[in-house]
Structures are given as structure tokens and as C-alpha cells.
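Read the structure below first, then the notes.
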Number of protein chains: 2
Amino acid sequence: MQGISGDTLRGHLESLVLSVLERGPAHGLEVLRRLEEAGCGSLKLKEGTLYPALYRMEESGLLKAEWEDSPERKRGPRRRIYRLTPKGKRQLAAGRVKWQEFVEVIGGILGAAT
Amino acid sequence: MQGISGDTLRGHLESLVLSVLERGPAHGLEVLRRLEEAGCGSLKLKEGTLYPALYRMEESGLLKAEWEDSPERKRGPRRRIYRLTPKGKRQLAAGRVKWQEFVEVIGGILGAAT
DNA sequence: CGAGATACCTTGCATGTCTATATATTTAGA
DNA sequence: TCTAAATATATAGACATGCAAGGTATCTCG
């Protein structure tokens, strides 16, 4: 099993990002870690995929990003913290509905053995 | 609801085509009709998407195509009849397994919240 | 200093779907 | 016989997005 990536993932990445950010704000690599963990090792996702996605989502108003600049943390480079906007939350809810429809339709055609 | 198409569909079309061809050989527009019907109106799929997909699948050995040339039918232009190859059947089986994993992983991440 | 870890960023490419249009064949109709 | 409609295949061009591969910057530690 080579995991979920590429064309299969396409069109679902934004919902995944929104979903893990629902647990709370996070910076890029943290989003990556959450996805990796939640995907039980099946999700193969690279930085070169994630960062552009984050920018797109910020640009379209789904996320709001801020440079972490607290004096408490001075170790390592600055991080960019992403959090859901109200619009992002709405799109996440819509994405879940779409996902349900998607699973029913495609699964139905594939003749889901279940 | 604008239906399932574009990036959402990407990476799943081949399995869908294999699946409807499992019922029996069919020509292009017939495949389209079967998908439309099986998709309960949620599948928005155009010829410009299907034909290139059929060619790819023929080229990679998943399908075998023949020009219909039977004397019985002389109405309308010639049709190209596609049928599953053994390789196509194997890939359909594999695609169903992958679909299960896909649904579990993505659905798990999208649904795990609350 | 240099190595390593962390974090962010960018370029260029591959690929599959979509839009739109073109062509060919047959039937029906005036 | 000319035209329109229905059927069926074909393809060019545009585009979005995930990916590979590389780069930059900051901090810690030996």
C-alpha cells in the first residue's frame, strides 16, 4: 500500500487542513504532523504541497495567519500560526456534507462490498 | 448541489469506468449513461473527460476496444466497444480496496472532530 | 565554528479534468 | 434533395494542484 496522495488526494486537501485546524491553531509543520498522525501513516503529504495550500486558503479567506512573535519562545525560526476564520468553519461544514455525498455516490457505483 | 466533478473526481474516474464496464461491454456514450444513471444525477461528467480516459485505459491495457462492425446495426455512426481485460479486472479489485482505505482515512479525519 | 534540528519558501513539472469545438453517420421531414 | 436533429467519436487548449527538489533562515549544542 503506497498510501493516499496525488490525484486521489486532490480536491480533499483543503477539507483535511480545515479539519485538523478545528482542533486549534497551528503552524505549518504542526498541521503536517497532525495530518500524518490522523492519517495513521496512510497520508503521504509533503511541505511543497502543504504550504501552497495554506497560502491559497489564506488568500481565499478560509484561514488567518499571524507570525508568532511571543517573547517566550526564542528557539528556532519564527512560525506562522494559522487559525480558522468563520468562513473557514462554514466551508468545513459544507465540505463534510459534500464528503458524505461523495462517498455515497462513488461508493455506490463501485459496488461497495460493505 | 453542483455535483461531483473536477478535482473531487480526479483519481477516481478510472475505477468508476471499470466498474460500469464490469456489467458488460459498452461504447463511450453508453458508459457515460451508465455513470450518469448510477450517480443519481450527482455525477457531472462530459465527453471531453471520458474519451481521453478511455484512451488512457486502453493504452495501459485495462480495456480492450473494438469497432463495432456488425451488419445488424446500421443506424448512426460506428461505435467503439470497450470491454474489461483481465488486467482491468484486477485493477478494479485493487481500486475497491484502495477506495475502502481512502474512505476510512479521509472520513476518519473529517469526522473525528466535534 | 560546524552540525543538526526546526521552519518556511519557491520553482518547475506532470497529469487529468473541463470547455469548447469539430467531424462523421444515419433518420426524419418539408 | 436539402436541412435539421440525434448519435457518436475526437481533440486542442486552458488550468488547477499536488509533487519533487532545492533553497534560506534561526537557534542549540559540542
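The sequence lines fix the lettering, A, B, ..., with proteins before strands; numbering per chain opens at 1.
An OP1 or OP2 oxygen of C:dT17 is reached within less than 4.0 angstrom by no side-chain nitrogen or oxygen of B:Ser5.
In this entry the distance linking NE2 of A:His27 with C1' of C:dC8 reads 10 Å, nearest Å. Look at NZ on A:Lys46: it is 14 Å from C1' on D:dG22, rounded to the nearest Å. A straight line from CZ of A:Arg79 to C1' of C:dT6 spans 9 Å, rounded to a whole angstrom. In this entry the distance linking CG of A:Leu54 with C1' of D:dT17 reads 14 Å, nearest Å. In this structure, A:Glu30 atom CD and C:dA7 atom P are separated by 8 Å, rounded to whole Å. When rounded to the nearest whole Å, the span between CD of A:Glu58 and C1' of C:dC8 equals 13 Å. If you take CD of A:Glu68 and P of D:dT26, they are 15 Å apart, rounded to a whole angstrom. Between the P atom of C:dC18 and the NZ atom of B:Lys44 lies a distance of 12 Å, rounded to the nearest Å.
Annotation: side chain to side chain donor-acceptor pair (under 3.5 Å) contacts of A:Ser15 (sequence neighbours excluded): none. With sequence neighbours excluded, the residues forming a side-chain contact (heavy atoms from CB on, under 4.5 Å) with A:Ala26 are A:Leu21, A:Glu30, A:Val31, A:Arg34, listed by chain and number. Residues passing the side chain to side chain donor-acceptor pair (under 3.5 Å) test with B:Glu22, sequence neighbours excluded: B:Arg96.
Applying the ring-ring contact (aromatic ring centres under 6.0 Å, His included) test to pairs two or more places apart or on separate chains, those with a residue in residues 6-26 of chain B are A:Phe102-B:His12, B:His12-B:Trp99, B:His12-B:Phe102. Contacts classified as side chain to side chain donor-acceptor pair (under 3.5 Å) and involving residues 80-90 of chain B (residues at least two apart or in different chains) are given here: B:Glu58-B:Arg80.
Checked by atom type and distance alone, the side chain of A:Thr8 never pairs as donor or acceptor with a backbone atom of A:Ile4 at under 3.5 Å.
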Heavy-atom contacts, protein to nucleotides 9-16 of chain C, under 4.0 Å, summarised as B (base), S (sugar-phosphate only) or - (none) per nt, yield BB----BB
